[in-house]
Structures are given as C-alpha cells and as structure tokens.
Asker: 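I have a structure here, written as structure tokens, and I will follow up with some questions on it.
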Number of protein chains: 2
Amino acid sequence: MAELANVSVATVSYVLSGRDRPVAAETRKRVLDAARQLGYTPNQAARSLRKRRTQRIGLVLSTLGGVPTDQRLATDLHEMADARGYSVVTLAVYNEARAKAAIDVLRGGIADGALINVVGDHLAHDLLAGLAATGLPMVVLSNDSGVEGCDVVRTPEVAASAEAVEHLLAGGRRRIAFMGHRHEVYRDRPTGRLLGYTTALERHGVAQRIVTAGADDRVTAYQTATDLLSSPERPEAIFAASDRAAISAIWAARDLGLSVPGDVAIVGVGNIDEGLITQPQLSTVGPLRHDYTDVVSLLFDRLQAEEPLPAREIVRSWTLIRRGSS
Amino acid sequence: MAELANVSVATVSYVLSGRDRPVAAETRKRVLDAARQLGYTPNQAARSLRKRRTQRIGLVLSTLGGVPTDQRLATDLHEMADARGYSVVTLAVYNEARAKAAIDVLRGGIADGALINVVGDHLAHDLLAGLAATGLPMVVLSNDSGVEGCDVVRTPEVAASAEAVEHLLAGGRRRIAFMGHRHEVYRDRPTGRLLGYTTALERHGVAQRIVTAGADDRVTAYQTATDLLSSPERPEAIFAASDRAAISAIWAARDLGLSVPGDVAIVGVGNIDEGLITQPQLSTVGPLRHDYTDVVSLLFDRLQAEEPLPAREIVRSWTLIRRGSS
DNA sequence: CTGTTAGCGCGTTCAA
DNA sequence: TTGAACGCGCTAACAG
C-alpha cells in the first residue's frame, strides 16, 4: 500500500484517518488512488491496539428476538452512536454459557463501552462485576441489587404490576390469573412482575393465586390463555407480563366467545403500539413514551469523561394506561 | 501480569491459550492465580493482529427488529459458532449510511467471516462486491443477481408468491389485493413478492391490481387491511407479504364482522408458528421447516477450507401451506 | 510538507 | 521446561 503510492506508511495513516496533519494535495491523491486500487481498509485490530480505543459500543441482549424494548433501545443507541462516530456490535446471550462468552468478548476489548440488557439470570452477577472492575464504561438495565461499578437503569415493574392488579381488584375482579415469563415464574421466591401480582393480592386479602408461565411467546400465550379461560374456575381477569402475551389472551378470549372486559379483563405490560389495534384496546402498564436517549447518554457521558464518573442510577417512569380491555 | 507470576510473557501466553506446550504444574498455577487476581483477560485486538484470525463471525441484519427469519438464522448461527469456538457479533444496518459503516467494520477485520441478510436496497452491490474482493468468507442471503465472490442463498419467493395468488384465483377470487413491504412496493418495477403477485394475475388475465404497502409492521398492516376491507370495492382476497401482516389482516376482517375465508381469503408469507393460533388458521407460503444449518454450514466450510472454495448457491425450498384462511 | 522509528499486547520461533 | 526476541499493522512523536 505505502509502496504503491510511493509514500511512507505514516503518510498513508494520516491521509486515511483524516487527521489534521498537512498533506500535499498531490500526495493525498496518490494515496487515495492506491487505496482504492487495492481495496485497502486499515486493520481495526492494529488501530485499536495502538490507539487503545475501538470506537465501538457493545450492545448485550438476551436474544436477537426483537423484544419491543430491545428494539427501541437498539435504535436509540445506533442513532446516538452514529452521531458520535461509534459503531455498535451486538452480542446475544441466549443462555448462561454464552453469557460467559459474551463477557469474555467484552473483556477482550471489543468495545469501549457496553450497554447491557439481559433479562433473567443467565448473566451471573460476578461476571458483570468482573467486567465492571475492568474499568469498562457500562450501563446495565437491571432491577437486581448486586450490580455495582456501573450505571444502572431500573424499571419500577413491581410497583407498576401491583398497580395493574389493584386496578383489576378495584374493578371488582377477585379471581385474577398471572401469566408470566418462565424466568420469573420458575423461581423460588417471586420477583419482578410476579412479585407485584402477589403483593397486590396480599395487600387486598385475596388468597387465590393463579400463576402460569406462557408470556414468552405468542403461541404459548394463546394456548395458556385458552386453557385458563376454558377451565371451570375461569379467571375474571388476566394480568400478563407482556403486552404480546396479553394480546394473545384477548384473541383467546374472543375465540372462546368471551367478552373482554365483560367476561374477563386483561392487562399487559409494556405499552406497545399494537395494543391500540386490538378490540378492545389493551390496558397496560409501561412507559408513556419509548425513549432511551437518557439511558444511552449515560454511556456516552462516561465515554467522554476524562476521569471515571460516579455510578448513576435512572429509574424509568411507568404508568398504568387504562384502555378498553379492563 | 507476567511479572506478578514471575514468569515470561511467553509462558503466560501458553498457559492461558492452552496450547500443548508442556508447562510445569506449579508454574501454571502461579500464572492462573495471577490472572485471576488481576482479572486479566488477553487483549483480543493484539491476539488477532498476531494470529490473523479473530475467531468471530459477523452477522449482518437489516434491523434488530426480530423478523422471524432473522431469529432462526441467528440461533442456528450462534449454536454452530459456539460448537466451533467462534463468537458472533451482530451488525444492524437500518439504512444506507450505516450499511456502509457496517461493511467498513467488516473490512476492518472484525470477523473471520460474515453471514449477511439485508432486505431492500440499503446494502449496495458494489459494497458487497468490495467486501467479497477482500477475500473475506461470506454467505449472502439475497435474490439479486449481482452478488459475486461469495456463497448465495436464494429464496423462491417470486414463484411461491405466484403460487399463492394462483391458489386464490383457483378459489374463484378475482379482486385480489397485495399488501407488501415498502421496499418492494415503492420501486420502479415489481420485484420479489410483488412480482409474483403481478405475474400470477397477468398469467390468468386478471387486470385489476390493488397494491398497498403496510406489511412492515403489525399496526400499519391492521390499518391498511381495515382500509382495504372497508372500501366499496372490497377485495375478495388479500395476499400479504408477511405472515405478521396477514395475521393483522385476519384481525381486521374479524373486527369488521367479515368472515375469513368466506368474505375475504387471506394468505401470508413465511410460515410462522403464530399462523396456527389464528381463527381460522393462516394459509401461507414458506419453508416447511425453519432450519438454517445448511446456510451456516456454507460459511464454516469456507472458514475451514485450506484454499478458497468455489462460490456455491443454495435455493431454499418453499411450499404453499394451505390452511383455513383461504 | 514528509519520512523514520518506537511501541500498543500478543503469539511464535529459536535458543537455553 | 522456560525465556528472549521478533513482528503482526497501525499511530504518535520527532526529525528532517
């Protein structure tokens, strides 16, 4: 490359990286021509080895399955990264083994910072702590308590879920079923949305608990809801841990000839747009606006800061959005 | 690190990379202890600079939006990569500008190979060609003709779409609407699923064309279908370019009090599981089994081959799956 | 305006 | 069984 343009490697570096060293127009042209001719692109591994920066952000997600939250988070991150000259590489965790692998990739220095949103317990706390100890700037979306050494974004899902269930109780429903994600339901003690459910019932002296899994995908949700709604002790309400599951429940009810909310009230979590096109429209708890720019800013603040910043915490704002289904 | 364990850097390298050089048990222990104590992880940039391999695969997708196809592709890739000691980094393209950025990241050597599935025309052909010219092993899912220098996976969507529309014609429907993705509908000449639609109609001498966008997300699909079905010239059938859009159309029909398939027949594309829980079940064209292991194998064959392999081509197998909605 | 040189952190030879 | 020394491709500092 350098010899084809008949210049030194340093000059090539200066031309291609566009730094402000003065370069003769003719020399620059020779370099650019040679680069085009050879299809030359600088090796990023060498570059970041030298510069000690990759200009990349790692986005760590449970799956590439397109949970609505992840989608918005990803688009906001990509946009803001773009504007700042960073690229984004996404790592999917899927399971515990690969969580370890993903952390190792980050420890290996693939990115200058990380935005981490992993639900469930695939990502062990000590892995996260070890990564944070590296000094890697990171923002973690989690409600767990053990997360330290990085910014944390919390979601008031327990309170919001309790509010949803209390809303159902206020409507006179007593037999209320919970349809949750596997990672919440199959666990020794209730957490998250399930905890909100049990808390609300307890607070109002309702003894009956109907806890099912099925919120993880639409098909299972439909089947679970169908089972619930065809049982002799049909619930008067279903609180689903996701809007997608709640929407499946609405369909299940309608397919059984039940009226929503007459025969069964349904509330979901997340406030996705699709809740506006169901009949009736879906009641839900979640953010009013889907905006993660504040979360992403946390990360870029850290990246642009000279000295390490103190750990910050954001609590997202969720509200009960009452629509037709409850 | 090396000095803490009181050994040379070479010994550290040997211990941590676990190659077969004999190392005294006591030395190995010293190294491992020091590594744990320091939270040391080898720098991957330096490693891959030296080894000229990253042990990573790049997965390039249009969005992280979780199109069902991408999900299956991603899980199969992750599984097979895992088994072979590779990690996967995902790059989202979103738009033309970032397509260029994603290609640059790959050219910069972030991965040893790439699996590329970008719909629409965000990813220009010359970018792909330039990348292929690098010698980077890659597999591209595309029906375009200009793709060269890499393995190509094709989908018989034109023929399958035509088959779907002919099936509707055979059922006596004449006024058939097409609900497509923006990237296919807003284009000078028909391609892909839209081309299948027009071809079938032409072949059977049907003049009427009802072409709408709206298949890109469920909300738009619902609204588009509602508009179509409330118009005075209500179509007798809707062929939707995605199952998700088709399912929204079924719901739109039901919400309008129309019977499916009595008043309107509906067919989708993709054969997603969710088509089994609609009332009626969704007719669709797509793969019978969702399995991308053959596609992923193409890539690993290339990675493991000593000398460059000739470009191969896979044509995926799609069939019309007739269920209740048509 | 441009070239020379010294590392960035690792893996690999060769010598001990 | 271990260590010393070189170089992967690049950027930053300095020399010219």
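Atoms considered below: every heavy atom in the structure, side chains included; atoms not considered: hydrogens, waters and symmetry mates.
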Asker: What's the CG-P distance between L49(B) and dT11(D), to the nearest Å?
Answerer: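 Those two atoms, CG and P, are 12 Å apart.
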Asker: Counting side-chain heavy atoms from C-beta on, which of dT1(D), dT12(C), dG9(D) comes nearest to K51(B)?
Answerer: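 From the listed options, dT12(C) comes nearest.
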Asker: For the side chain of R47(B) and the base of dG9(D), is some donor closer than 3.5 Å to an acceptor across the two?
Answerer: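 Result: no qualifying N/O pair found.
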Asker: Nearest whole angstrom, please: distance from the P of dC10(C) to the CZ of R52(B).
Answerer: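 The answer, rounded to whole Å, is 18 Å.
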Asker: Could you tell me whether R21(A) contacts a base, only the sugar-phosphate backbone, or nothing, with contacts defined as non-hydrogen atoms closer than 4.0 Å?
Answerer: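 Here R21(A) touches the bases of the nucleic acid.
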Asker: Can you tell me if the side-chain N/O atoms of S48(B) get under 4.0 Å from OP1 or OP2 in dC8(D)?
Answerer: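 Negative; the distance criterion is not met.
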Asker: Name the residue from R56(B), R52(B), Q55(B) that meets the side chain to side chain contact (heavy atoms under 4.5 Å, CB included) definition with D112(B).
Answerer: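 Exactly one option meets the side chain to side chain contact (heavy atoms under 4.5 Å, CB included) with D112(B), and it is Q55(B).
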Asker: Look only at the side chain of N43(A) and the backbone of L49(B), and say whether a donor-acceptor pair between them is shorter than 3.5 Å.
Answerer: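 Side chain of N43(A) to backbone of L49(B): no pair is present.
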Asker: Toward the 5' end of DNA chain D, which comes first, V12(A) or Y14(B), by nearest nucleotide?
Answerer: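 Its nearest nucleotide lies further toward 5', so the answer is Y14(B).
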Asker: The side chain of V7(A) is closest to which nucleotide in this list: dC1(C), dG9(D), dG3(C)?
Answerer: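 Among dC1(C), dG9(D), dG3(C), the one nearest the side chain of V7(A) is dG3(C).
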Asker: Using whole Å, report how far CG of L16(A) lies from P of dA12(D).
Answerer: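 Rounded to the whole Å, the gap is 14 Å.
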Asker: Send over the distance from R30(B) CZ to dT2(D) P, rounded to a whole Å.
Answerer: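 In whole Å, dT2(D) P and R30(B) CZ are 8 Å from each other.
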Asker: Picking from dG9(D), dT11(D), dA12(D), which would you name as closest to the side chain of A10(A)?
Answerer: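 Output: dA12(D).
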Asker: Would you say a side-chain N or O of R53(B) is under 4.0 Å from OP1 or OP2 of dG11(C)?
Answerer: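 The answer is no; no side-chain N or O of R53(B) sits under 4.0 Å from OP1 or OP2.
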Asker: How many whole angstroms separate atom NZ of K29(B) from atom C1' of dT1(D)?
Answerer: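 My rounded result for the distance is 19 Å.
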Asker: Nearest-nucleotide wise, let me know which of R50(B) and S8(B) is further upstream toward the 5' end of DNA chain D.
Answerer: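 Looking at DNA chain D, the more 5' nearest nucleotide goes with S8(B).
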Asker: Using whole Å, what does the distance between atom P of nucleotide dC10(D) and atom CZ of R107(B) come to?
Answerer: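 My rounded result for the distance is 13 Å.
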Asker: Kindly check if the number of other-residue, nucleotide or ligand heavy atoms within 6.0 Å of CZ (R84(B)) is above 12?
Answerer: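 Above 12, so yes.
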Asker: Going through the checks in order, is the salt bridge (charged side-chain N to carboxylate O under 4.0 Å, His left out) test met by K29(A) and D33(A)?
Answerer: CA-CA 6 Å; K29(A) 184 177 176 324; D33(A) 283 352; 2.7 Å; yes
Asker: Counting only side-chain heavy atoms from C-beta out, which of dT2(C), dT11(D), dC10(C) sits nearest to P42(B)?
Answerer: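 Side chain of P42(B) sits closest to dC10(C).
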Asker: What I want to find out is whether E26(A) reaches R30(A) closely enough, with some N-O distance under 4.0 Å, to be called a salt bridge.
Answerer: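 Yes, E26(A) and R30(A) are salt-bridged.
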Asker: Atom CG of N43(A) and atom C1' of dC8(D): how far apart are they, to the nearest Å?
Answerer: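 Roughly 9 Å, once rounded to whole Å.
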Asker: May I ask you to verify if any side-chain N or O of T11(B) is less than 4.0 angstrom from the OP1 or OP2 atom of dT1(D)?
Answerer: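 The answer is no; no side-chain N or O of T11(B) sits under 4.0 Å from OP1 or OP2.
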